[in-house]
Protein chains: 2
Amino acid sequence: MLSSEQDKRHRMAPPPKPQTMKERILETADKLFYLKGIRAIGVDTIAAEIGISKRTLYNHFPSKDALIAAYLERRFVSARPSDKPPAEQILATFDSLERRFAAKDFRGCPFVNAVAELGPADRAVKKIAIAFKESRRLWFRERLTELGVRDAEALATQLVLLVDGSIAQDLVRDDPAMARAAKEAAKVLLRNAGVDVGGDAVKQVKGRKRAPQ
Amino acid sequence: MLSSEQDKRHRMAPPPKPQTMKERILETADKLFYLKGIRAIGVDTIAAEIGISKRTLYNHFPSKDALIAAYLERRFVSARPSDKPPAEQILATFDSLERRFAAKDFRGCPFVNAVAELGPADRAVKKIAIAFKESRRLWFRERLTELGVRDAEALATQLVLLVDGSIAQDLVRDDPAMARAAKEAAKVLLRNAGVDVGGDAVKQVKGRKRAPQ
DNA sequence: GCCTAAGTAAACAGGTCTGTGTAACCAAAA
DNA sequence: TTTTGGTTACACAGACCTGTTTACTTAGGC
């Protein structure tokens, strides 16, 4: 007989369930952990927020620790490649920071927060936090090397200090201007290293010259 | 144990007591809150560490929240006056940071940690954290003004970013070199503002010149 | 000697947390 | 049909938390 009901395989539109249960749990855990704090949120709260039973949550993650680890790993997204010139990419980092600060759901660096909350004894958390910080430092270093900066290693570290400093300051002060201050400081440091960041004369540049933009 | 003398100091209190019970509670709370985290330490643990009953603790502090507030206020020590030239004072800040990073009991900024742990909803904690950050910024600004720096306001903010950035980085990486990196960045920023920090030519200085100690 | 203040010990109330156990349910697959 | 697997609802264990209560002890000051 011809089926009066629709083909079961393509029956419903994705809107209600576009993602798997595991993803839904992770997404909700991310939101709550980040916004309210890892220790402040219990697994009950997460399950209730999604509307599932706690048992289901534990069917997907063996423990809260595993959920925390998955949360941090999910936050560890690598930067997308960009075709903009390296100096612009570096400075754009701070613009992006400023935008994030302005959002009302910004609550500092999830990795720093996790280490602060869970303490240094939690090796798993610390390990991924270190990996994240190092990856960002390497990202800066790569761009600086591209720019021909002599001591890219040291300058990358200094830029990272500005990033984390502005994040910490914004966390307590809620002042997106911290990102702009960091950007200005970064410009000075870059200029001092011979990078052309526009707006001012440069002491001396390594032989290679870059076309503006 | 090594604490036979220390024990005496606590036990056999000479007429002018070396410290009152309230101070002992605060000192212990400070150590544990800072090292292990505020949420990780219960009042029982603090009382047990001192060897007093929980009731005694509650006789001195009406609630754990009050103890937390007292802990943070105790951490809020203002800098001692110094007769060294301002530029040296500023740079010495980073040397002091490096020394603190090297100590094994360093665990980041207690105010940032408290905000990260307790969340933005805890207004009392956030308030004192903001006050502390602002006081440090003003300390920098004062010295910069003394040095005749034009935009002391902006530069003070940038120096604060370096301080907090190195603290955050050291918290996750345990790398005291972060303080040195911050110091080098600070030197560049100061030099750029016309301050003589030694070791390099200065673009242009405001009329006032300081004797190099 | 007596009184007061402070501390001790231990239980307790009422709450939260993580994680498990159990029985029922429901839909799709075999 | 029966089976299977994911889910729900709910109770529960065991631990820990803040804060209180009760009853007892101790040390000085009068």
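No hydrogens, no waters, no symmetry mates; every other heavy atom, side chains included, goes into these values. Proteins come first, then strands; the chains are lettered A, B, ... in the order of their sequence lines, and each starts at number 1.
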Listing request: all side chain to side chain donor-acceptor pair (under 3.5 Å) pairs with a residue in residues 117-129 of chain A, at least two apart in sequence or in separate chains.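 Only A:K126-B:D174 qualify under side chain to side chain donor-acceptor pair (under 3.5 Å).
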For residues 151-165 of chain A, pull every pair meeting side chain to side chain donor-acceptor pair (under 3.5 Å), keeping only residues two or more places apart or in separate chains. A:K133-A:D164, A:R136-A:D164, A:R137-A:E153, A:R137-A:T157, A:R141-A:E153, A:D164-B:Q169
Could you give the [atom1]-to-[atom2] distance, from [X] to [N], as a whole number of Å?
| X | N | atom1 | atom2 | value |
| --- | --- | --- | --- | --- |
| A:I50 | D:dT8 | CD1 | C1' | 14 Å |
| B:R55 | C:dA5 | CZ | C1' | 14 Å |
| A:I25 | D:dT7 | CD1 | P | 8 Å |
| B:H60 | C:dA5 | NE2 | P | 14 Å |
| B:Y58 | D:dG19 | OH | P | 4 Å |
| B:N59 | D:dT22 | CG | C1' | 14 Å |
| B:L57 | D:dT20 | CG | P | 12 Å |

Closer than 3.5 angstrom, by distance alone: can the side chain of [X] be matched with the main-chain N or O of [Y] as a donor-acceptor pair?
| X | Y | answer |
| --- | --- | --- |
| A:Y34 | A:G108 | yes |
| B:N113 | B:R107 | yes |
| B:Y71 | B:K31 | no |

If you look only at distance, which donor and acceptor atoms sit under 3.5 Å apart when one is on a side chain in residues 96-105 of chain B and the other is two or more places apart or in another chain?
from, atom 1, to, atom 2, distance (Å)
B:E98, OE2, B:R180, NH2, 2.8

Does any part of the side chain of B:P110, heavy atoms only, come nearer than 4.5 Å to the side chain of B:F33, both counted from C-beta? no
So B:I90 and B:V197, do their side chains get closer than 4.5 Å, heavy atoms only?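 No, their side chains stay 4.5 Å or more apart.
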Among [options], which is the nearest nucleotide to the side chain of [X]?
| X | options | result |
| --- | --- | --- |
| A:K64 | D:dT7, D:dG19, C:dG19 | C:dG19 |
| A:T56 | C:dT8, D:dG19, D:dT7 | D:dT7 |
| A:M21 | D:dT7, C:dA9, C:dG7 | D:dT7 |
| B:K54 | D:dT8, D:dT7, C:dA11 | C:dA11 |

Hey, does the Lys NZ or Arg CZ of A:R75 hover above the aromatic six-ring of A:F132, less than 6.0 Å from the centre and inside 45° of the axis? no
Is the Lys NZ or Arg CZ of A:K22 less than 6.0 Å from the centre of A:F61's six-membered ring, within 45° of the axis?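 Yes.
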Under 3.5 Å between N/O atoms: give me all the protein pairs with nucleotides 26-28 of chain D, atom names plus distance.
none

Atom CZ of A:R24 and atom CG of A:L26: how far apart are they, to the nearest 0.5 Å? 12.5 Å
Which residues within residues 34-49 of chain A lie with some heavy atom under 4.0 Å of an atom in DNA chain C? A:I41, A:G42, A:V43, A:D44
For the helix from C:dG1-D:dC30 to C:dA30-D:dT1, what is the angle between the axes at its two ends, each from 5 pairs, rounded to 10°? 10°
